[in-house]
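As structure tokens, the structure follows; a few thoughts come after it.
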Amino acid sequence: MNSSTTNIAPAHLAEVRVSFRTAGFAALAMFAILAALPLLTLVTGDAFVLVVATRIMIFALAALSLDLILGFGALVSFGHAAFVGIGAYAVAILNAYGVNDLLVQSLVAVAVAALFALVTGAISLRTRGVYFIMITLAFGQMLYFLMISLSAFGGDDGYTLPARSTVLGMPLLENNLVMFYTVLAVLVGAFLLARMLIASRFGRVLRGTRDNAVRMQAIGFSPSPYQLTAYVIAGSIAALAGVLLANQVEFVSPAYMSWQRSGELIVMVVLGGMGTLAGPIAGAAAFILLEEWLSSFSQHWKLGFGLILLLVVLFSKGGVGGLVKRLLGGAHHG
Amino acid sequence: MLRIEGLENAYGDSRILFGVAFSVNAGEVVTLLGRNGMGKTTTIKSIFGLLPPKAGRILIDGEDVAGKPPFQIARRGLGLVPEGRQIFPTLSVEENLVATARGAANGGAGRAPRWTLEKVYALFPRLKERRRNMGNQLSGGEQQMLAIGRALMTNPRLVVLDEATEGLAPLIRDEIWACLRAIRDAGEAILVIDKNVDALSRFADRHVVIEKGRIVWTGTSDELRCTPKIKEQFLQV
Amino acid sequence: MAETGALLSVRNLSKTYGALVVTDNVSLDIPERELHVIIGPNGAGKTTLIHQLSGRLPSNGGKVVFAGEDITRLPMHQRVRRGLARSFQITALLDGFTALENVAIAVQARSGSSFRFFAPVARDRKLNDEAMAVLARLGLEDRAHRRAGTLSHGEKRQLEIAVALATGARMLLLDEPLAGTSHEESAVLVELMRALKQTHTLILIEHDMDAVFSLADRISVLVYGKVIASGPPAEVRAHPEVRAAYLGDEQADKAPEAAAAGGGR
Amino acid sequence: MRGLLSEMLNLFLLQALNGVQFGIMLFLVAAGLTLIFGIMDLINLSHGVLYMVGAYFAATFVALTGSFVLGLLLALPAALLLGIVLELLVFRRLYERDHLDQVLATFGLILILNESVKVIWGAAPLSVPVPEALTGSVQLFGNVRYPLYRLVIIAAGLATAAGLYVLVNFTRVGMLLRAGASNAPMVSALGVDIRRLFTVVFGLGAMLAGLAGALVAPILSVEPGMGDSVLILTFVVIVIGGVGSVRGAFIAAILVGVVDTVGRTFGPILLRTMLDPSAASQTGRALAPMLIYILMAAVLLFRPMGLFPVRGAVR
Amino acid sequence: VATSCIVSPAAWAAEGKIKIGLLYTLSGPAAVLGEQSRDGFLLAAEKLGNKFGGLDAEIIVVDDEQKPDVAVSKARELVEREKVDFVVGPIFSNVLGAIVKPVTAGGAFLISTNAGTSNLAGAECNPDLFVTSYQNDQIHEVLGKYAENQGYKRLFLIAPNYQAGKDALAGFKHSYKGEVTNEIFTPLGQLDFSAELAQIAADQPDAVYAFMPGGMGVNLVKQYRQAGLEGIPFLSAFTVDESTLPAQQDAALGFLGGANWAQNYDNAQSRDFVKAYEAKFGNVPATYAIQAYDAALLIDAAVKATGGNVTDKAKLREALEKTPFESLRGDFRFGPNHFPIQDFYLVKVVKRPDGKYATEVVEKIFDDYQDNYASRCKM
Ligand SMILES: Nc1ncnc2c1ncn2[C@@H]1O[C@H](COP(=O)(O)OP(=O)(O)OP(=O)(O)O)[C@@H](O)[C@H]1O
Ligand SMILES: Nc1ncnc2c1ncn2[C@@H]1O[C@H](COP(=O)(O)OP(=O)(O)OP(=O)(O)O)[C@@H](O)[C@H]1O
Ligand SMILES: [Mg+2]
Ligand SMILES: [Mg+2]
């Protein structure tokens, strides 16, 4: 019953292959809708939709990176928000020293996140299952408390960015539309990269390890270097999400890396259906839109939000993605 | 005491059992024979309610138990030695034995329980040596002994063994046969699945052969011995 | 121990769990192309020995030499790379992968780095062709694109062996490959092992005496972690201690006495 | 010099005792989770809110009856009932799901229960007075006095620990729980109504959470979300101890309590001897909140299955 | 960066309407503060007949969940989609820091009714930000000054380990010059204070100064009393007020705090407010409520002064700066940095005859007090 790594239902995993192509289509559709969104705002005149969409894409990016290790590597990280935080603080700290270029900031963010992932990942990968969950939580919390005690960058009060980052010296991102398409481009890029990774030799080893680590050793693989590499890649992508989040909000705060945030990222992935690349994107969208939508009804909107999450789990396997698939599948059968 | 009528079952869309019917009388040893994947285990799961039947009746002492939860069926006096042992990994050997132990089931009420810890240890001394080991710290064969002992500790009137000698050393296998005989002599009924047809036919009363989810032959040990065609055709022996 | 000329030589290997000695000073020499069967009562330590040889469990003492190299402290995956692979007593396949992928990933393990991030592996001709060839050898070609989790028990056992073969190992450690297979499937596997003898060195653990005696070049008998007898099949079969401790009497009528003898150990 | 040293020693002893006391309080909260998460292998993030609801029940019933003991006696069955209802409605369907589904569902439950509490009792924190008879403090050693009520908590924690230890390790119920967590259908096929057992034990776990909430209510603030901050600490405690081990959880709880308390007070003093004062207070401040997490990471680095890995566990 | 107003809220004003967004923390443990503020503002709106300066008002309430990035998203929604003229809120300093820019750059005025950080009072002051509460340090200075007045020689300071905690102790020491025996920063969200209480018992200071907001304050106060330390005076800020007293009750009796107002404030308007508030919501208002209430009065007065024209931002800004309104605190005006110049009091926890717990003004500590950062503001 209990698998040797963590208790992830093989039923989900088995569907990966089947869903890979449908996920591709689903993602394509989502990206197409997103790309056309600015046109829609022209028609409706409601430019705020872009702000929400940008926010969704940033969290989708973070969730996607988490899915890379969680859905395909069975490594449940409960400290993933730390990487988002690293990205955000890379922007803030470099800004404080007068470096505003987005590319430089991104490079530094990725480098620092990769290093942090390498060190903490190497230690965390000694454990498995719930122990892995908790040790990643521990590292996330350490970073969180470190940032809270860093008065130079506002501590808990956070750090207000005077302006968004520049691209080659130009303040392009100040324009919400440019910001939107930049984030979309990064998301699509990360999606393609993840897709390629999963289908590559490397990805196959990762997926195999998720299924049965001992079996992988018995055919001549030592799983941890692959898992560690995946962890580093995921951390780096999440850091990019952090860079973008800092720019969109123009404010950086330790709250970005609290354990609740890591938990929310997990919820997004599971909600959308883990182990599919379109899943986390759908999950992030569902999460944030629900939050937006429900909170406009009542002060007690969290009641409804919780209820929806609960019902999704109880009555659909494989999250929102699974639900949609089931509905479509059911229609076919019927 | 056990009687199965028109049993049908399926895993999702794939149908496995088609109107299986046979019976086991009190004190009788019956075997269920067939090649891999013919539906033997599925039949057992259906009887125990682990895979609720899609159709048909399962009568224990004349009462239909189809659709009842497993524990209610087991409490009527059925003891299961499942395929693949399924011992509890986080319990010690001794705990595996006593956790689900019961006195005599209804029908045998008032009688002193036939199987006790001492008796099981006497049957499998190896288990006594390993009684502090956790379930998953046992060898394959030891786990098998434990699964049998665990079923006996529920003091059943009908013991159901699904491939109970898989992975057992020849000597132990002989001990198991001896043990089954002892159980039968004590008045318990036995339903057994095993590939050692010859050993079984030495003390079983009747045999039931299943092929692709249908009962294709039933008869006594003598009849089985005298019909080599059955063995060849359905059991590939 | 190159001087013995053996492919695998085991010297004074031991394994203890606390006070319990599971492998007790075991020494074995397996020459190339030998099919060596290990038998013994349940809990004698056979699986444990395989675990130690394959690197799944560390040893408390002794030495394992494979192809002239001391591999006692090597982790499992490095032993596989050096040509020593195993199958599992309880089927352990990648259930979410197809049969072909299960084999192809084993081929991948020995052909080039797996730190390749971009080219889609599913379209890697070389890997697929080699994997297909191994599947064909076991008669599993028509199952190539079925997920391993949906195969029948017997097919899974065959796939286990296919995967072990695909690692390209010279020597295979097979733990009860026949357990749970019907007579028909057993026969197929026995034939396969007979064929493998021509190309591979094998250690086989098996309780099916018909198969054991028809396949074995040599047999070692393990009781309480000790090798009590080792030699050609006929010699081992006649060994009185082996009969008492393991084989029992073929005669059913005498079974109760055998049981009594067993109970007294 | 001598005087300072002995004063230090005195303070150290007292802080160690405070640490033990805090640890036992943590254990009290973690106890129910040991049953549900440790033994039944269900990641129950909503354990924290059950603890919160327990505190609210206590606050309500104490206010209604005007007696702490009566209030407690009413709060416990209420928590038990809530646990059983939740089990029947929700958790029953989660045992066989994977851990991540459990995370998602219980995350949903957190939102639901937190918000419900706010709807029913309002957002402002509530009060539970310390029972009259237990308000004083007692002389311990030297001139050190200790609040009586905290001694009661220590006693309750010890009793809970002992009771759980016996229940899990030496009773049929404990065995069946462990068996059921690894293979519930098989337990049922052996004639045990495992579902009902799970329902009852889940209720018991909820009741233990409620007990913890009710007992600490006079010390801590009873407010919406009070469970969230405790939740992570209890998971930390259980993981350090080794999932499934009552003894481990108990020892880990005390370890966490002592390291946190003593580290917080003596860490800066220690640092001051090594660094210059401002650097010391700066690092001390940064390190103090991390202590628990550093402890957990260190324990898992050297013992990847916690301090007391449960034999036979295959997590 | 000069802010040029791209989106114009003119469309609404033309129809004689005004839109106001309330952005408060309405979920999580701190929700009670947000609720008090929201209720205070809505009570004022009700009293004004939902007309601000003669314009019909549409009020939109949003929850920032105490997360800065969510707050930014919500603030932008208010400004960019709803095109509100005013955003009123938030509770927390980190949220304020996050939303100042999106709100003001988006063309709306931000009226902060609680948070007031030093950077926004000083170098980073903002022409479109008005604060109706205080500069954060001031409350701490009140107690520092009080400790100094009392002649306390040895003080024990305790605050949570985050920015506001550090600011708190710095603010206290700004006006207290005596010896500090111990200065302790506890981890954020700490539950058990027995370690710190033991240190207090060992130090035997003349008084304790604590900044311990929310649930932490409830825990500290209860445990302080249980540890038998009530002999040592307990001075605090944001630790004993009407939001925490329902949970502290007797344990907090006699404890001292600092404030710019208390519910027994001797002013007819304030008395009416307290009565109306308690009648409507059942609990005793804290300063969170009146600061929001005042914000509503401020908007009303300013809009009235412009003759209902909210499109001319410069004029409206000037009106906000200059127009006197009848604050519940009586004496109220803005300094050059748009932070109030007001009186501060020592308050004490009492049990009112009706059985409710509340704070009461004991003595005035500062008169017409301006914060220390105003001079750094170049507006
Ligand atoms: N969980 C399952 N889901 C889907 N199909 C299954 C499942 N378990 C068994 N089957 C299929 O049901 C058929 C009957 O299986 P069953 O286990 O009853 O066979 P059996 O007679 O016990 O065989 P064996 O001797 O191999 O144990 C097989 O074709 C098998 O593939
Ligand atoms: N982790 C452990 N701790 C203690 N004892 C163990 C542990 N693992 C195995 N054993 C014991 O070691 C002995 C050898 O086990 P092993 O699995 O090697 O036997 P085997 O010869 O393969 O038996 P079988 O034929 O039944 O598979 C068994 O008696 C078992 O109980
Ligand atoms: Mg079967
Ligand atoms: Mg074995």
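A quick note: this is a predicted structure, and the numbers were derived from the prediction, not measured. First the proteins, then the strands, lettered A, B, ... as listed; each starts at 1.
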Q | From CA spacing to verdict: side-chain contact (heavy atoms from CB on, under 4.5 Å), Leu94(C), Met216(A) | A | CA-CA 9 Å; Leu94(C) 305 176; Met216(A) 293 301 284; 4.0 Å; yes
Interchain contact, [X] with chain A, by part (heavy-atom threshold 4.5 Å):
X         : value
Pro75(C)  : neither
Ala92(C)  : both
Ser87(C)  : neither
Leu127(C) : side chain
Asp124(C) : side chain
Ser54(C)  : neither

Q: Kindly state whether the ring of Phe115(C) and the ring of Tyr226(A) have centres lying under 6.0 angstrom apart.
A: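 Ring-ring flag for Phe115(C)/Tyr226(A): true, centres closer than 6.0 Å.
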Do [X] and [Y] touch side chain to side chain, with heavy atoms closer than 4.5 Å?
X         : Y         : answer
Phe97(C)  : Asn212(A) : no
Phe117(C) : Leu193(A) : no
Val214(A) : Phe88(C)  : yes
Gln108(C) : Val205(A) : yes

Q. Is the CZ atom of Arg73(C) crowded by more than 12 outside heavy atoms at less than 6.0 Å?
A.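 Counting neighbours around CZ of Arg73(C), 12 or fewer heavy atoms of other residues, nucleotides or ligands fall under 6.0 Å, so no.
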Q: Output the distance between atom OG (Ser224(A)) and atom NE2 (His77(C)), rounded to the nearest 0.5 Å.
A: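 So the OG of Ser224(A) and the NE2 of His77(C) are separated by 7.5 Å.
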Q | chain A-proximal positions within residues 132-142 of chain C [heavy-atom distance under 4.5 Å] | A |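 No residue falls under the 4.5 Å cut-off.
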Show the atom names and distances, to 0.1 Å, of all donor-acceptor pairs under 3.5 Å that link a side chain in residues 228-240 of chain A to residues at least two apart or in another chain.
unit_1: Thr229(A); atom_1: OG1; unit_2: Pro225(A); atom_2: O; d: 2.6
unit_1: Ser236(A); atom_1: OG; unit_2: Val232(A); atom_2: O; d: 2.8

Q: Output all residues satisfying side-chain contact (heavy atoms from CB on, under 4.5 Å) with Ala241(A), sequence neighbours left out; order by chain, then residue number.
A: Ile58(A), Leu61(A), Ala62(A)
Q.
List the residues meeting side chain to side chain donor-acceptor pair (under 3.5 Å) with Glu160(C), not counting sequence neighbours, and say none if there are none.
A. Arg215(A)
**Q.** Option in Gln78(C), Arg110(C), Arg86(C), Arg56(C) with maximal non-hydrogen atom pairs under 4.5 Å from chain A
**A.**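 With the most close heavy-atom pairs to chain A, the winner is Arg56(C).
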Q: Between chain A and each of Ala166(C), Ser111(C), Ala164(C), count heavy-atom pairs under 4.5 Å; write down the option with the most.
A: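 The answer is Ser111(C).
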Q | Residue among Gln217(A), Met196(A), Arg204(A) with most heavy-atom pairs under 4.5 Å to chain C | A | Arg204(A)
Q.
Using modelled atom types and a 3.5 Å cut-off, is there a donor and acceptor pairing between side-chain atoms of Arg201(A) and backbone atoms of Arg116(C)?
A. no
Q | Asp211(A) side chain to Gly96(C) backbone, donor-acceptor under 3.5 Å | A |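 Indeed, once roles are kept as given, a pair shorter than 3.5 Å links the two residues.
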